[in-house]
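Notes follow the structure.
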Amino acid sequence: MVLKFIFRPHSPNFNLLSLSPQYFPKPLSLPFSSTKSFTPTTVAATSSTPSYGPSLQKGYNPSPIYPNSKPPEETHNPISFNEENFTRVFDLAALRVPSEHCFALESRLRGHLLNWPRIRNIARVPGDEIDDELRELFDDSSNSDGNSIGDDDTLVSLNRRIYGKADGDGEPLSPVLYRDKLSRTFNSKGYVKFRNLAKISRPKKGRQKKKEEHGNDGGKKSGNDKNGIALVQVVEAEEEECEGGDMSGLLGYEFKGVTKWRGSTRLLLLDETYVDKRTEDLPAAIKALFEQYNDKNGPSAIELVKCKLTLFYNYWQMNEVLETILPEGMIVPSGFETIGHIAHLNLKDEHLPYKNIIAKVVLDKNKKKVQTVVNKVDIIQNDFRTMQLEVLAGNHSLVTTVIENGLRFHVDLATVYWNSRLSTERQRLLNYFTREDVVCDVFAGVGPIALSAARKVKCVYANDLNPCAVDYLERNCVLNKLERKIKVFNMDGRRFIDTIFASEKARPITQVVMNLPNDAAEFLDVFRGIFRRHQKDKEHPLPRIYVYGFSKAPDPEFDIHERIRIALSEVAFEVDVRKVRLVAPGKWMLCASFILPHIVAYAKNSANLVN
């Protein structure tokens, strides 16, 4: 007999696609030698098989590779592969125990249970459950064999509810018979004596609906569902099916072999090493359990059964699937940047032949937060810092909403620049600002620094050369209700700095942020003589400048330090340099901060402005 149990997934349903054999270099030996094909087991066979836990290299695929022994048709779809080839079946042993004792026994036998990731040690048994309303009709005192369901009075009460013989004897009608009776009392005024009208008329809350879907105990509903990540099948002896006849024609195939209700039970999945062991070969803790419960609750209270655990494609993690698909020895791309609903990959040249398959797996395994997968085609080479992106999977919309530090940003990756990996650095920078500061963001982009600073400082002057970025910056200011504290400009960086510091209407600048790592240091020469036109008797605060830059030098701190001193034509001042992150092998992103030297700010010779 085969009984089925289901574990529902944490992600939406998946589509079954056909496998393209041209992307998997290791062929499977078949009776016909002219066609090469792929199964996940074949690719992973050369690598070491883990000794414990689930793996695509262990178990077996329940479905035939090719039905009717026909070779697969060649397909030119580069993103297609068969998700059913990732199904794996594992033979296990389990203890069938009464449901009221399952949690206590799980804690007691924790070290002897399966304990696999994302798989519960307790499985439900379809057909063993009974409605709470009907449970009260059964006699609690049953025989030792568990087959007695109550006395004659209980059965009479049950028949009254089933057949509607309840008028005047205190027994409520069944819901079906009550609706039938209610429909006959309908008139121009509506229904007469509508039972539970107030309760039925109230809409159910989302949490209540979710609780009903998952059951009162928080467990998942059972059933044979393709959306599941795992399926448990209990294999029992065939002679047990014969007793009482077959009820599959009445209840369905999943109840084949069910004869008499033995009470609500659960399955405790045992460790995979116990699959072939008999009762006398099990550990002492399990044998003591048999002796204890069989003495108290009868010989069939706990029994050892054989199970088949089927793990579907939705169960496996992204790296496990990619390790199976990609050729042996190739590095598996495991990390990516998430910008709103967009997953941004930086694939290497060796991954490009498999880019569509990698994107499909990334999309499948991150469906809750990812709707689009893109890959950067080329490095950033234009003045607007926009990236050339290729959409590999999902929808083609590159407009998304990013939430950072409690602020919402509208971003279009096709026209503006955004880097979510700098969120920690932006937060660190904000810690240096005070309420009395006035911030000048020279290369603001869509405003991740400017908007965050506006919530803390007096005023922010934000500028960017990209008109699309300025447009989104203004939108984000309104979206976060900070438009009164931010002044937006669309100018060249040099002209913006000279204009703000020369303006008599602008507030004195105390903090300057120059987040343009490619060439921000080249703009520092504009600060030489920045206060030369101001009145000498009036003292102006010297701003602190934060400059970001890249360096491939063996000593990156010294390299950016020298570039700053050369740009300002001054060496007698202190510069604090800190590494932000490693962008590429041998390439660092750094942040240098210093207070503008007095001798530089009031120098007579100034930089030539770009008109």
[atom1]/[X] to [atom2]/[Y] distance, rounded to the nearest 0.5 angstrom?
| X | Y | atom1 | atom2 | value |
| --- | --- | --- | --- | --- |
| Glu100 | Leu105 | CD | CG | 10.0 Å |
| Ile229 | Trp316 | CD1 | CH2 | 11.0 Å |
| Lys365 | Lys360 | NZ | NZ | 9.0 Å |
| Ile339 | Phe409 | CD1 | CZ | 13.0 Å |
| Cys307 | Leu270 | SG | CG | 8.5 Å |
| Asn395 | Thr372 | CG | OG1 | 3.5 Å |

For [X], does the [atom1] atom sit with more than 12 other heavy atoms under 6.0 Å from it, leaving out its own atoms?
| X | atom1 | answer |
| --- | --- | --- |
| Arg278 | CZ | no |
| Leu582 | CG | yes |
| Asp281 | CG | yes |
| Lys308 | NZ | no |

Stepwise side chain to side chain contact (heavy atoms under 4.5 Å, CB included) check, Val374 with Phe336: CA-CA 10 Å; Val374 300; Phe336 56 87; over 6 Å; no
Within a strict 4.5 Å, meaning less than it, do heavy atoms of the [X] and [Y] side chains meet?
| X | Y | value |
| --- | --- | --- |
| Lys376 | Leu389 | yes |
| Glu272 | Lys58 | yes |
| Leu326 | Ile358 | yes |
| Val361 | Tyr313 | yes |
| Thr265 | Val97 | no |
| Phe103 | Ile122 | yes |
| Arg266 | His101 | no |
| Ile325 | Phe86 | yes |

Considering all heavy atoms of both residues, which atom of [X] and which atom of [Y] are nearest to each other, and what is their separation?
| X | Y | answer |
| --- | --- | --- |
| Leu363 | Ala393 | CD2-CB, 4.0 Å |
| Cys102 | Leu268 | O-CD2, 4.0 Å |
| Val275 | Asp91 | CG2-O, 3.3 Å |
| Ala343 | Val362 | CB-CG1, 4.3 Å |
| Pro333 | Leu322 | O-CD1, 3.7 Å |

Does [X] use its side chain to pair, donor to acceptor, with the backbone of [Y] at less than 3.5 Å?
| X | Y | result |
| --- | --- | --- |
| Asn121 | Leu269 | no |
| Thr310 | Val89 | no |
| His351 | Ile331 | yes |
| Arg88 | Leu56 | yes |
| Asn115 | Asp271 | no |
| Glu320 | Gln317 | yes |
| Ser420 | Thr338 | yes |
| Ser264 | Ser99 | no |

Between Phe290 and Leu304, does a side chain to side chain contact (heavy atoms under 4.5 Å, CB included) hold up when you go through it step by step? CA-CA 9 Å; Phe290 274 96; Leu304 181 66; 4.1 Å; yes
Asn61 side chain to Thr87 side chain, donor-acceptor N/O pair below 3.5 angstrom: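 No.
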Short side-chain donor-acceptor distance under 3.5 Å, Arg408 and Thr401: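 No, no side-chain donor-acceptor pair sits under 3.5 Å.
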Starting from the C-alpha separation in whole Å, work towards a yes-or-no answer on side chain to side chain contact (heavy atoms under 4.5 Å, CB included) for Arg581 and Glu425. CA-CA 9 Å; Arg581 69 187 188 97; Glu425 173 61 21; over 6 Å; no
Stepwise, does the side chain to side chain contact (heavy atoms under 4.5 Å, CB included) test hold for Leu289 with Arg108? CA-CA 10 Å; Leu289 195 66; Arg108 179 175 174 179; 3.4 Å; yes
Write out all pairs satisfying side chain to side chain donor-acceptor pair (under 3.5 Å) with one or both partners inside residues 339-350, taking only residues at least two apart or from two chains.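 As it turns out, the side chain to side chain donor-acceptor pair (under 3.5 Å) pairs with a partner in residues 339-350, which skip direct neighbours, are His341-Thr400.
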Please report whether the ring centroid of Tyr315 lies less than 6.0 Å from that of Trp116.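 Distance test on ring centres: not under 6.0 Å, no.
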Name all residues meeting the salt bridge (charged side-chain N to carboxylate O under 4.0 Å, His left out) criterion together with Lys355; count only those two or more places apart in sequence or in a different chain, and write none if there are none.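 Salt bridge (charged side-chain N to carboxylate O under 4.0 Å, His left out) list for Lys355, sorted by chain: Glu390.
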